[in-house]
Amino acid sequence: MPKSSQPTPAAPIDLILPCLNEARALPGVLGSLPPGVHAIVVDNGSTDSSAEVARASGAQVIVESRRGFGAAVQAGVMAATAEVVAICDADGSFDLAELGRVSGPVLAGEADLMLGRRRATNLRAWPVHARIANRVLSGLIRVRTGLELHDLGPMRAIRRAALLDLHLHDRRSGYPLEMVLRAHLAGLRVDEVPVSYRPRTGRSKVTGTLKGTLTAIADMTRMIKEIPS
Ligand SMILES: Nc1nc2c(ncn2[C@@H]2O[C@H](COP(=O)(O)OP(=O)(O)OP(=O)(O)O)[C@@H](O)[C@H]2O)c(=O)[nH]1
Ligand SMILES: [Mg+2]
């Protein structure tokens, strides 16, 4: 058979799923993995059966005892081996059938850091205060960087080596913002593509709670001040 007619191997992507008590959501999330995507669930101290459910659904499970979104994602990055890593919440709020929109341009070398710009599928998906906070933050990022970003969404893709080279140090909810600002500073091509945002499965921990929202705002504000333009 001529070389060109051989089937192309599935694109090797490690999908990092930070997870804190998402046992209810995981079967749906892991049941919708696109072909060629290996799931790494990072159990961040869950007290429910997240780890068992994730294993039973075929995912690789690693444990990060240090609490925080950034700590969980970074542990997943360290455990990953694929050239391209994708990141996604484990709460069922994203449709993994759309992951290729985000990872495709990175695999094709057309973007270095691709973000999924969230488009709420209904009003319950994204509380108004979180939407407003996100819009203000995106505006600050546009002014600061000139990047045409409209969301700081958690569904992302980047080459693993490029992410490690950014030496991110936030381990809480400033991590996604630090990634964008440092990627821009490093000269990486940062872009966004629309993805659906659905109501999460299970109880809200961040955007639906006052403590979670305030912590996220504090972490992001610190990050904006800390990183040079
Ligand atoms: N909040 C929080 N989430 C974590 C942590 N570690 C891992 N996660 C996971 O990170 C992802 C994002 O957290 P979410 O709680 O969905 O945050 P959010 O989408 O801003 O807000 P809600 O969905 O309303 O809770 C989920 O998959 C969590 O399970 C942590 O320390 N705190
Ligand atoms: Mg969520």
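Every number for a ligand or one of its atoms is a count from 1 in the order of the listing. Count residues from 1 along the sequence.
- Residues I16 and V180 are members of one and the same hydrophobic cluster, defined by side-chain heavy-atom contacts under 4.5 angstrom among Ile, Leu, Val, Met, Phe, Trp and Tyr.
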For this session: Start with the C-alpha distance between L164 and M78, add both sets of side-chain angles, then the distance that settles side-chain contact (heavy atoms from CB on, under 4.5 Å), and finish with yes or no.
Result: CA-CA 9 Å; L164 289 174; M78 299 314 291; 3.7 Å; yes
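- Annotation: side chain of R117 is not in contact with side chain of L149 (no heavy-atom distance under 4.5 Å).
- In this structure, atom 10 (O) of ligand 1 lies nearest to the protein heavy atom F69 CD1, 3.4 Å.
- Summary of contacts: the protein heavy atom closest to atom 9 (C) of ligand 1 is P18 O, 3.2 Å.
- Distances between N or O atoms of V206 and those of ligand 1 include at least one value under 3.5 Å.
- Among R118, R67, R200, the residue whose heavy atom lies nearest to atom 14 (P) of ligand 1 is R200.
- Using a 4.5 Å heavy-atom threshold, the side chains of P18 and E64 count as separate.
- Short contacts between ligand 1 and E22, defined as distances under 4.0 Å to a heavy atom of the residue, involve ligand atoms 26 (C), 27 (O), 28 (C), 29 (O).
- At under 3.5 Å, not a single nitrogen or oxygen of R203, backbone or side chain, sits near a nitrogen or oxygen of ligand 1.
- For atom 12 (C) of ligand 1, the candidate residues are D91, V29, D89, V41; the nearest heavy-atom contact is made by D89.
- The minimum distance between the Mg ion (ligand 2) and any N, O or S atom of D91 involves atom OD2.
- Ligand 1 is approached by Y197 to a heavy-atom distance shorter than 4.0 Å.
- Residue contact annotation: D89 places no N/O/S atom under 2.8 Å from the Mg ion (ligand 2).
- For R66, the CZ atom is loosely surrounded, since the number of other residues' heavy atoms within 6.0 Å does not exceed 12.
- Annotation: atom 4 (C) of ligand 1 to nearest protein heavy atom, L20 CB, 3.8 Å.
- A distance-only check finds a donor-acceptor pair linking the side chain of D48 to the backbone of A23 [under 3.5 Å].
- For R159, the CZ atom is loosely surrounded, since the number of other residues' heavy atoms within 6.0 Å does not exceed 12.
- Note on K205 versus D91: no salt bridge recorded, every NZ/NE/NH1/NH2 to OD/OE distance being 4.0 Å or above.
- Heavy-atom minimum distance, S173 versus A216: OG-CA, 3.3 Å.
- In this structure, atom 3 (N) of ligand 1 lies nearest to the protein heavy atom K205 CE, 4.0 Å.
- Of the protein's non-hydrogen atoms, N44 OD1, 2.6 Å is the one closest to atom 6 (N) of ligand 1.
- Atom 31 (O) of ligand 1 has its closest protein heavy atom at G68 N, 2.9 Å.
- With hydrogens left out, the protein atom closest to atom 24 (O) of ligand 1 is S204 OG, 2.4 Å, a heavy atom.
- Taking 4.5 Å as the limit, every side-chain heavy atom of D112 sits out of range of all side-chain heavy atoms of I158.
- Scanning the protein for heavy atoms near atom 21 (O) of ligand 1, the closest one is T207 OG1, 3.1 Å.
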